[in-house]
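So you know, we letter chains A, B, ... as the sequences are listed, proteins then strands, and number each from 1. Note that the structure is a prediction, hence the values are computed from the model and not measured.
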Amino acid sequence: MPSPSHRALPRLLLLRCLSSAPRRDHRFLLRFAALAKELSERPQAPPPPSRPRSPHPYDYNRLMTAHAESGDGAGADRALNLLDEMRGLLGRRPDAACFTTAAAALFSSSRPGAALAVLDSMASDGVTPDAAACTVLVGVYACSLHQFAAAYEVVRWMVANGVAPDVVTYSTLISGLCSAGQVAEALGVLDLMLEVGCHPNAYTYTPIMHAYCTSGRIHEAKRLLNTMVASGCAPSTVTYNVLVEALCKVGSFNEVEALLEESSKKEWTPDAITYSSYMNGLCKAGRIDKSFALVDRMLSNGLHPNEVTLNILLDGVCRSSTAWTAKRLLESSAEFGWDANVVNYNTVMTRLCDERKWLGVIKLFADMTKKGIVPNSWTFSIVVHSLCKLGKLRKALCLLGSEDFVATVVTYNTLIRHLSNTGKVNEVFFVLHQMIEEGIAPTDMTYVLVIDCLCREKNFLVAVSCFYRSLEDSFFPSAFLSIVRGLIVGGKLGKDTVKA
DNA sequence: ATAGGGTTAG
């Protein structure tokens, strides 16, 4: 017997481990053998061993889609994290669909820069974009950034590289053009589609109808609806909703009723948004009773009123009655199975502000946080405003410094306005600096508030430097007007001073 | 991969 060489050592170790292990159950081995036999005799059916050990890009994509559908920006972040995870896996590179899903999630949560970065990384990973990926790119350029030259460039690239633009690509382009008010140009794209034999659908026509409606051209919208029906393209519920909203805005409630009554004949089904738009129109026209009556009609049609519906009613109650009545409706909404959300609270708090019931705002704010409803930046702006009005500036600043506070430019403008009104010039300038440090871009209103305040306090030098600072962001005519007016009123733009 | 409804500062 050969002496154990060092190559045999591991085997010896293994044997020693086995001998020290508890004795194996013999019956277990028999059962195992039987199972193995059964498996080997089975018809060579399922070929799933082709499934890779680490998740396939398809699985990742499904997971990313699920995250993206959860709506908020956090979903887009989770999709992005998954994409990065995949890119770190050897041999399991994300495919075009994965990049597209992540980019689309970022696009729809208003993060065009991040979406572009994802599509860039797709290119640098050597993944060839397909029509879907290119369409997201078109969407980013056309819908988010309104950079139409770049959007057209993408379409040209598609044509040149054999990735044919389809109805989704063209509809996306049309949607972007319409949202920028370029309806004529959008109609040009529609013509182009027809020329190249790409059939438009409801997604193509609806944005154009929407653009017509928002610019008060309802007649054109109706004519386009007729055109699409005549060309064999079925309008969707969304298409009709666009029309319903426009008719409500001009008070043509009879026409809305007619549309609803004909809906079954015309093969479309009104949904919660149809009724919400109708109810909103009625509330804004002061017909709150009729609006409430529509809740019953919704329910009898199997439609459940949602937070938006509730908000429309709350706003209606505020306008036709008092914020206090709305507050009672809000508080009893849970009994009707209505889950109030942050916007509902914001609506009532805003109206309490209108009625100068600052303490009521603070109480309602306390109520909502107690109920576990997470305040958003709108809530905080309203609360900061109310605290300022109550003379609790320190509390407002305290809130601003707290961790879960999401300040926006509106919050800062609110604070600056209050500091300016109470003559706290140093603080005004301090807050302006703080918001810039936080990466929140001041608006023209911010600069107007600060410049007016500084000029009133005869601090012209700092006012001018503030105007120069505004030029780093953009040229704001209103800020320019403020500084010129301030200098004139302060006697600093007379002939003598200009010479000096 | 594309279209529609609700709320802020004075």
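- Residues A:Thr169 and A:Thr172 have side chains that never bring a donor and an acceptor to within less than 3.5 angstrom of each other.
- Rounded to whole angstrom, the span from the CE atom of A:Met368 across to the C1' atom of B:dT8 amounts to 14 Å.
- For A:Ile273, taking side-chain heavy atoms from C-beta onward, the closest of the listed nucleotides B:dG10, B:dG5, B:dT8 is B:dG5.
- Side-chain atoms of A:Thr309 and A:His304 include no donor-acceptor pair closer than 3.5 Å.
- Taking only side-chain atoms of A:Val410, from C-beta outward, the nucleotide of B:dA3, B:dT8, B:dT2 with the closest atom is B:dT8.
- The side chain of A:His385 lies closest to B:dG10 when the candidates are B:dT7, B:dA3, B:dG10.
- Of the listed nucleotides (B:dT2, B:dG6, B:dA1), B:dG6 has the atom at the smallest distance from the side chain of A:Glu307.
- The separation between A:Lys249 atom NZ and B:dG5 atom C1' is 9 Å, rounded to whole Å.
- Around atom CG of A:Asn421, more than 12 heavy atoms belonging to other residues, nucleotides or ligands sit under 6.0 Å away.
- Taking the six-membered ring where the residue is Trp, A:His433 and A:Phe429 present perpendicular rings, their angle passing 60° and hence far from 30°.
- Using bins of under 30°, 30° to 60° and over 60° for the plane-to-plane angle, the ring pair A:Trp358/A:His385 lands in the perpendicular bin.
- The base of B:dG5 lies close enough to the side chain of A:Ser276 for a donor and an acceptor atom to sit less than 3.5 Å apart.
- In this structure, the nucleotide among B:dG6, B:dA3, B:dA1 sitting nearest to the side chain of A:Tyr203 is B:dA3.
- If you take CG of A:Asp166 and P of B:dA1, they are 12 Å apart, rounded to a whole angstrom.
- With hydrogens and angles ignored, no donor-acceptor pair under 3.5 angstrom links the side chain of A:Asn421 to the base of B:dG10.
- Within residues 344-367 of chain A, the residues that place at least one heavy atom under 4.0 Å from DNA chain B are, in residue-number order, A:Asn344, A:Asn346, A:Thr347, A:Thr350, A:Arg351.
- A search for side chain to side chain donor-acceptor pair (under 3.5 Å) contacts involving A:Tyr447 returns A:Arg469, A:Asp473, not counting sequence neighbours.
- At a cut-off of 3.5 angstrom, the base of B:dG5 holds at least one donor-acceptor pair with the side chain of A:Asn306.
- Looking at residues two or more places apart in sequence or on another chain, you find no ring pair (Phe, Tyr, Trp, His ring centres under 6.0 Å) involving A:Tyr203.
- Taking only side-chain atoms of A:Lys389, from C-beta outward, the nucleotide of B:dG10, B:dA1, B:dA9 with the closest atom is B:dG10.
- For A:Asn311 and A:Asn346, the side-chain atoms include no donor-acceptor pair closer than 3.5 Å.
- Nearest nucleotide to the side chain of A:Val238, out of B:dG6, B:dG5, B:dA3: B:dA3.
- If you check B:dA9, B:dG6, B:dA1 against the side chain of A:Val343, the one that comes closest is B:dG6.
- Summarising the geometry, the separation between CG on A:Leu314 and C1' on B:dG5 is reported as 15 Å, rounded to the nearest angstrom.
- In this structure, A:Ser470 has no side chain to side chain donor-acceptor pair (under 3.5 Å) partners at least two apart in sequence or on a different chain.
- Side-chain contact check for A:Arg456 and A:Ser420: at least one donor-acceptor pair (N or O, by modelled atom type) lies under 3.5 Å.
- Remark: the A:Asp315 side chain and the A:Thr347 side chain contain no N/O donor-acceptor pair separated by less than 3.5 Å.
- Of the listed nucleotides (B:dA3, B:dG5, B:dT7), B:dT7 has the atom at the smallest distance from the side chain of A:Trp378.
- With 3.5 Å as the limit, one finds a donor-acceptor pair spanning the side chains of A:Thr239 and A:Thr206.
- Straight-line distance from the CD1 atom of A:Ile382 to the P atom of B:dG6: 17 Å, rounded to whole Å.
- Of the residues in residues 96-106 of chain A, those lying under 4.0 Å from DNA chain B by heavy-atom distance are A:Thr101, A:Ala104.
- The interatomic distance linking A:Ile440 (CD1) with B:dA9 (P) rounds to 18 Å, in whole Å.
- Of the options A:Leu190, A:Leu225, A:Ile174, a side-chain contact (heavy atoms from CB on, under 4.5 Å) to A:Tyr205 is made by A:Leu190 and by none of the others.
- Rounded to an integer number of Å, the gap from A:Tyr141 OH to B:dT2 C1' is 18 Å.
- Of the residues in residues 172-193 of chain A, those with a non-hydrogen atom less than 4.0 angstrom from any atom of DNA chain B are A:Thr172, A:Ser175.
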